[in-house]
Amino acid sequence: MPTVSFEEETEKFQVNSGETIYDALHGHGRELPHGCLAGSCGACRIIITEGHKNLAPASPVEQDTINSVLLNYQRLKGEKYLKGETLRLSCRAKILGDITIKLLG
């Protein structure tokens, strides 16, 4: 079974392959920030710090929202902000293997 962990925490959560990050952690009692849970609002944005290749590719809806979120952050904090980071939406990103995440406020 794949595991999900938070950066700078030791606990690892065993999850089912194919689950979204949000659903998998919600099932363990860990509530992540969220809004629409459809991939449109971007409230559930997270950074994948390890294992980004262990997620299914982003759907067009998720990718459009990620692009919008990145653009807004870079407009506010500079164009280099989040460069090289893997931003995903926890409500849409499906787990295929072990990952480590951190929340993005």
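This is a predicted model, so every value here is computed, not measured.
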Please set out all donor-acceptor pairs under 3.5 angstrom arising from side-chain atoms of residues 91-105, sequence neighbours excluded.
unit_1, atom_1, unit_2, atom_2, d
Arg92, NH2, Leu37, O, 3.4
Asp98, OD1, Thr3, N, 2.8
Asp98, OD1, Thr3, OG1, 3.3
Thr100, OG1, Ser5, OG, 3.1

[atom2] on [Y] to [atom1] on [X], rounded to 0.5 Å:
{"X": "Ser90", "Y": "His26", "atom1": "OG", "atom2": "NE2", "answer": "11.5 Å"}
{"X": "Lys80", "Y": "Leu82", "atom1": "NZ", "atom2": "CG", "answer": "14.0 Å"}
{"X": "Leu70", "Y": "Lys83", "atom1": "CG", "atom2": "NZ", "answer": "8.5 Å"}

Item to check | CD (Gln74) with more than 12 external heavy atoms under 6.0 Å | outcome: yes
Next on the checklist: Would you say CD of Glu31 has more than 12 non-hydrogen atoms from neighbouring residues, nucleotides or ligands within 6.0 angstrom?
Outcome noted: yes
Can I get a per-line list of side-chain donor-acceptor pairs under 3.5 Å for residues 58-65, giving both atom names and the distance, sequence neighbours left out?
unit_1, atom_1, unit_2, atom_2, d
Ser59, OG, Glu62, N, 3.2
Glu62, OE1, Arg88, NH2, 3.0
Glu62, OE2, Arg88, NE, 2.8
Glu62, OE2, Leu89, N, 3.0
Gln63, NE2, Asn67, OD1, 3.0
Thr65, OG1, Gly39, O, 2.5
Thr65, OG1, Val61, O, 3.1

Using a 4.5 Å cut-off on heavy atoms from C-beta on, say whether the side chain of [Y] contacts that of [X].
{"X": "Asn54", "Y": "Ile48", "value": "no"}
{"X": "Tyr22", "Y": "Ile46", "value": "no"}
{"X": "Thr86", "Y": "Leu55", "value": "no"}
{"X": "His28", "Y": "Val15", "value": "yes"}

Next on the checklist: Checking the side chain of Glu19 only, and the main-chain atoms of Asn16 only, is there a donor and an acceptor separated by less than 3.5 Å?
Outcome noted: yes
Checklist entry - For Gly35 and Ala43, which heavy atoms make the closest approach, and how far apart are they? => result N-CB, 3.7 Å
